[in-house]
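Here the structure is laid out as structure tokens; the discussion comes afterwards.
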Amino acid sequence: MTHPLLGLAPLSAARFASIEDRVARLLGTTQDVVIMQGEALLPLEGAIRGTAGPGTTALNVITGPYGQTFGGWLRDCGATVIDLAVPFHTAVKAGQIREALARNPEIGFVSLVHAEAATGNTNPVAEIGAVVREHGALFYLDAVASVGAEPVLVDAWGVDLCVIGAQKAMGGPAGVSAVSVSERAWSRMAANPGAPRRSYLSLLDWKERWVDAGRRALPHAPAQLEMLALEACLAEIEAVGLDTVTARHASAAAATRAGALALGGGLEPYVHDAAEAAPVATTLRAPSGTSASELVARALAADPGVPLSAGGGALAKEMIRVNHYGPDATPGVVRAALTALATALTEQGVPVRLDEALRAAEGAGRR
Ligand SMILES: *Cc1c(COP(=O)(O)O)cnc(C)c1O
């Protein structure tokens with residue numbers, strides 16, 4: 001076996017535990033961190049099924065497609081779900097959450113997505129966390145699209161269940177994920193007769209067989225390649241510095257936004273307020289009379305390397321996504337994306353100003 005990916009030595013329990021500890025440091029938490037051997041949907045679903053049940057009233061905040069998915073799982077667990085949906089071009093405000101909690105004092109669980117790569121918005125989790133903590137509800141956060149792109153501060157924000165994946169701003173693989181679990185969340189799971197046990201979705205299994213057993217023996221063979229890749233992501237972020245990595249994402253987002261506005265032709269940021277735009281991906285509204293998926297196809301034909309995609313589902317006609325994930329959060333990639341978009345728009349008969357766009361991007365990216 002000569003291929004470097006083949007014939008690997010087994011990943012030791014000590015190494016697995018050390019990767020968990022590095023994820024905990026990345027998230028600013030002293031809580032238990034469980035790394036799960038699957039894409040982020042695994043801990044996202046496992047954490048909901050572990051903590052919610054027929055006695056739960058959940059406030060489910062919907063700022064994009066993932067919030068809708070969480071509502072489905074919560075209802076499936078038998079929880080009473082109060083949806084708080086905001087238009088996808090905005091973020092939710094802490095005041096809206098405060099009002100919902102005041103109207104429904106029985107709420108004991110709040111689910112929120114930090115940043116939505118699919119819609120390009122980011123929510124003010126620090127403020128929301130303070131409101132949720134004051135009310136006493138369990139706070140569940142999907143930080144898959146925010147980790148590495150902006151600060152995620154689990155302990156400072158009072159997050160009870162924080163889920164991350166490596167595949168967005170961490171620049172890593174999609175096959176592993178992690179969740180931090182507070183003592184309160186563990187207690188809630190232990191008391192929940194419906195919490196998955198002896199199941200791939202079970203966090204309690206990991207607690208009993210791994211965390212409480214002193215993390216000395218892994219319950220199953222770990223997904224080795226993904227674990228090594230996750231370790232490499234963490235090493236890179238630690239070497240460069242998390243602040244530097246998040247600053248790179250913020251600059252890429254600001255540059256893309258400014259560049260798209262300067263390009264003209266009716267291209268507009270999808271998220272109206274720049275303060276509510278996620279650093280991980282910039283979403284744009286295609287000019288009226290054009291189709292976003294057609295423009296993306298033409299841009300990719302002009303430059304197959306640019307990280308552009310059309311919005312998912314119903315958004316495919318109107319939304320263009322510039323995914324500046326990890327290694328793509330650079331001025332060069334932003335320039336290439338704007339250039340490819342300019343080519344696509346020109347081909348569609350939309351007049352644009354590429355020189356001005358590149359100048360605006362450079363100026364905004366430097367601030
Ligand atoms: C990307 C993402 C995930 C992971 O889902 P994928 O379908 O694997 O992309 C989960 N939550 C959010 C908010 C995301 O942006």
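Values reported hereafter were calculated over all heavy atoms of this structure, with side chains retained and with hydrogens, waters and symmetry mates removed. First listed ligand is number 1; within each ligand, the first listed atom is number 1.
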Residues forming a salt bridge (Lys or Arg N to Asp or Glu O under 4.0 Å) with Asp155, sequence neighbours excluded: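 Asp155 satisfies salt bridge (Lys or Arg N to Asp or Glu O under 4.0 Å) with no other residue.
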Contacting atoms of ligand 1, where contact means under 4.0 angstrom from a heavy atom of [X]:
{"X": "Ala115", "value": "13 (C)"}
{"X": "Ala145", "value": "15 (O)"}
{"X": "Ala117", "value": "15 (O)"}
{"X": "Val113", "value": "13 (C)"}
{"X": "Asp142", "value": "10 (C), 11 (N), 12 (C), 13 (C)"}
{"X": "Glu39", "value": "4 (C), 5 (O), 6 (P), 8 (O)"}

Does Gln167 come within less than 4.0 angstrom of ligand 1, counting non-hydrogen atoms of the residue?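 Yes, Gln167 has a heavy atom closer than 4.0 Å to ligand 1.
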Does at least one non-hydrogen atom of Leu41 fall below 4.0 angstrom from an atom of ligand 1?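 Right, Leu41 reaches ligand 1.
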Return the CD1 to OH distance between Ile48 and Tyr140, rounded to the nearest 0.5 Å.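 With rounding to 0.5 Å, CD1 (Ile48) is 3.5 Å from OH (Tyr140).
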How many angstroms lie between atom CG of Leu161 and atom CH2 of Trp186, to the nearest 0.5 angstrom?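 Answer for the CG-CH2 pair, Leu161 versus Trp186, is 8.5 Å.
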For atom 14 (C) of ligand 1, what is the nearest protein heavy atom, given as residue, atom name and distance?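 Of every protein heavy atom, Lys168 NZ, 2.9 Å lies nearest to atom 14 (C) of ligand 1.
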Starting from atom 7 (O) of ligand 1, which protein heavy atom do you reach first, and at what distance in Å?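 In this structure, atom 7 (O) of ligand 1 has Tyr66 OH, 3.0 Å as its nearest protein heavy atom.
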Stepwise side chain to side chain contact (heavy atoms under 4.5 Å, CB included) check, Asp205 with His220: CA-CA 11 Å; Asp205 284 0; His220 313 284; over 6 Å; no
Residues two or more places apart in sequence or in another chain: which of them pass side-chain hydrogen bond (donor to acceptor under 3.5 Å, both in side chains) with Gln68?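 None.
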Before we go on, tell me: are the rings of Trp157 and Phe139 under 6.0 Å apart, centre to centre?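 No.
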Which class fits the ring pair Phe70 and Tyr66: parallel under 30°, tilted 30 to 60°, perpendicular over 60°?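 Ring orientation of Phe70 relative to Tyr66: tilted.
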